2 protein chains.
Amino acid sequence: MLNKKPQNFDFKKLLKDNKYIITPTRLAVIETFCKNNRPIGAEFICKKLNGKINEATVYRTLSSFEKSGILRKVDLRKDSTYFELNNDHHHHIVCTKCGEIEDFKENIEIEKLLKKVVVDSKKFKSIEEHSLELFGLCRVCN
Amino acid sequence: MLNKKPQNFDFKKLLKDNKYIITPTRLAVIETFCKNNRPIGAEFICKKLNGKINEATVYRTLSSFEKSGILRKVDLRKDSTYFELNNDHHHHIVCTKCGEIEDFKENIEIEKLLKKVVVDSKKFKSIEEHSLELFGLCRVCN
DNA sequence: TTCTACTTGCAAGTCGTTTGCATTTGTGAT
DNA sequence: ATCACAAATGCAAACGACTTGCAAGTAGAA
C-alpha cells in the first residue's frame, strides 16, 4: 500500500519496502504508473517504454506487483487486464464508447452498505475486496 | 430482459420475442442457464451439453444473447467469461478460494448512492450499467 | 571483487475466444 | 408439402493476451 500522492514518492523506497531487488525494469514500470495516473495495461507499458522492456518481463512485473500490493487489478470490461497504483481506494466511471475514465472516491455510505450485505450473508462472514465500476457514455460521446 | 422466474418460462417465446430463429442450440443454451441458476461460462455449457454443440457456436450464441439482452456478463475475476440470465438485478459475493457464489439483491440505497456519484461527475451525466462484486473467503474456506 | 540468487530476454507454448468457409437448417412464401 | 434463401452451425485455422522454460545477465551481500 502506498501512502503518498502518486506523482512524487520514492520509487526505490517503495521497492525496498516490498523486499524487491531494485532494477531498471521495476523502476520504469512504477514510473509509468505514476506518470499516467489511471488504469493501464501491459501493452501500454511496453509501448511507452519503447520496447526497452520485454513483454514477458512486463507481465511478470505486473503480476508480482499485484501480489505484493503495489498494484491492484481493475475490471474495465476490456479485452486485456488493467492495473492501477494501490494508493487510495476509489472506483471508476468508464465510457463504453471512447474509454474515458473518471474516478470517484469510495465513501463511508458505500462501505456501510457493503458491510450490511455481509451481515445478511449466509455463506460469508467477511469480504476482502470488492469491485464497483460504472459504465455509460461520457458527455462527449453522448 | 426476462420478467419471470428463471425456472419456468417459455424458451421459445423468449427467443421469438428477441427476433431469433428457434434452433436446438439456442434452446439448449437457455435451458442450461435456467437449470444452473448462477453465472456460467462457455466451457461449462459445452461440458453440460456433452459436446453436442460446437464450442464456436456456444461462443457465438453467448455473445449474441448478450447483445440482445437475454444474458448479462459478470466479472468474477476468473480467467474466462461468465454470463447470467438477465432477469433480475443482483450482484455476487465470490469465494476467492473455492469459487462459491452467493447472490445479493441490488437495493434502493445502492442505486441512490450510484445516482449521487453521477450527479457529482463532471464527465458523465448518466450511466447505463454497473458492476459490483464482492470477494472474500466463504465460511467453509475460512 | 566475487559469488549466488534473482531477474530478464527470447522463443515457444497455452488457453480462451474469434473467424472464414463450406454445409446444414429454420422459416416464410409458394 | 415443398422450395428458396437467409441464417445458423461445425470444423479447422487463426488470433491475442498471457505464461513458461531456459540460458544469459545483473543486483547486492559478503
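These figures come from a predicted structure and were not determined experimentally. Residue numbering restarts at 1 for every chain, and letters A, B, ... go by the order of the sequence lines.
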Compare every heavy atom of A:Cys138 with every heavy atom of A:Cys98, then report the nearest pair and how far apart it is.
SG-SG, 3.9 Å
With B:Lys115 via side chain to side chain donor-acceptor pair (under 3.5 Å) - residues at least two apart:
none
Can you sort out the partners of A:Asp120 under side chain to side chain donor-acceptor pair (under 3.5 Å), two or more places apart, ordered by chain and number?
A:Lys116
Checking side chain to side chain donor-acceptor pair (under 3.5 Å) against B:Glu84, which of B:Arg38, B:His90, B:Lys73 comes through?
B:His90
Which whole-number value in Å describes the distance from B:Ile45 CD1 to C:dT17 C1'?
14 Å
Are the side chain of A:Asn86 and the backbone of A:Ile70 linked by a donor-acceptor contact shorter than 3.5 Å?
no
Here the distance between atom C1' of C:dC6 and atom CG of A:Leu15, to the nearest Å, is 14 Å
On DNA chain C, compare the nucleotides closest to B:Thr81 and B:Lys16; which residue's is nearer the 5' end?
B:Thr81
Those residues at least two apart in sequence (or on a different chain) that pass side chain to side chain donor-acceptor pair (under 3.5 Å) with A:Glu111 are none
Residues in side chain to side chain donor-acceptor pair (under 3.5 Å) contact with A:Asn107, at least two apart in sequence or another chain
none
In whole angstroms, how far is the P atom of C:dT17 from the CD atom of B:Glu66?
12 Å
Dump the pairs, protein N or O against N or O of nucleotides 24-26 of chain C, anything under 3.5 Å, distances to one decimal.
residue: C:dG26; atom: O3'; partner: B:Ile22; partner atom: O; Å: 3.2

Do A:Arg77 and B:Glu129 sit within salt-bridge range, that is, some charged N less than 4.0 Å from a carboxylate O?
yes
Check each residue of residues 53-61 of chain A for a non-hydrogen atom within less than 4.0 Å of any atom in DNA chain D, then write out the ones that pass by number, or none.
A:Ala56, A:Tyr59, A:Arg60
With a distance cut-off below 6.0 Å to the six-membered ring centre and an angular limit of 45° from the axis, does A:Arg72 pair with A:Tyr82 as a cation-pi contact?
no
Atom-pair distance (CG on B:Leu62; C1' on C:dG16), nearest Å:
12 Å
Would you give me the side-chain donor-acceptor pairs under 3.5 Å for residues 21-31 of chain A, sequence neighbours excluded?
residue: A:Thr23; atom: OG1; partner: A:Arg26; partner atom: N; Å: 3.2
residue: A:Arg26; atom: NH1; partner: A:Ile21; partner atom: O; Å: 2.8

Got a sec, which hydrophobics cluster with B:Phe104, joining ILVMFWY side chains under 4.5 Å apart, including via others?
A:Ile93, A:Phe104, A:Ile110, A:Leu113, A:Leu114, A:Val117, A:Val118, A:Phe124, A:Ile127, A:Leu132, A:Leu134, B:Ile93, B:Ile110, B:Leu113, B:Leu114, B:Val117, B:Val118, B:Phe124, B:Ile127, B:Leu132, B:Leu134
Along DNA chain D, first and last positions that approach a heavy atom of chain A under 4.0 Å:
D:dA17 to D:dG28
Residue closer to the 5' end of DNA chain C, A:Thr25 versus B:Ser80 (nearest nucleotide):
A:Thr25
Which pairs would a plain distance check flag for residues 53-65 of chain B, meaning a side-chain donor or acceptor within less than 3.5 Å of a matching protein atom at least two apart in sequence or in another chain?
residue: B:Asn54; atom: OD1; partner: B:Ala56; partner atom: N; Å: 2.8
residue: B:Thr61; atom: OG1; partner: B:Thr57; partner atom: O; Å: 2.7
residue: B:Ser64; atom: OG; partner: B:Tyr20; partner atom: OH; Å: 2.6

Which is true for B:Lys52 with a 4.0 Å heavy-atom rule: it touches a base, it touches only sugar-phosphate, or it touches nothing?
sugar-phosphate
Looking for any heavy atom pair under 4.0 Å, which part of the strands does A:Ser63 touch: base, sugar-phosphate only, or nothing?
nothing
Applying side-chain hydrogen bond (donor to acceptor under 3.5 Å, both in side chains) as the test, list every pair that has at least one member in residues 131-142 of chain A; sequence neighbours left out.
A:His92-A:Glu133
Below 4.0 angstrom, N of the basic side chain to O of the carboxylate: do B:Lys123 and A:Glu100 qualify?
yes
Give me the bend of the helix from C:dT1-D:dA30 to C:dT30-D:dA1, using the axes of the five pairs at each end, rounded to 10°.
30°
Contact class for A:Lys19 vs. all strands (heavy atom < 4.0 Å): base, sugar-phosphate, or nothing?
nothing
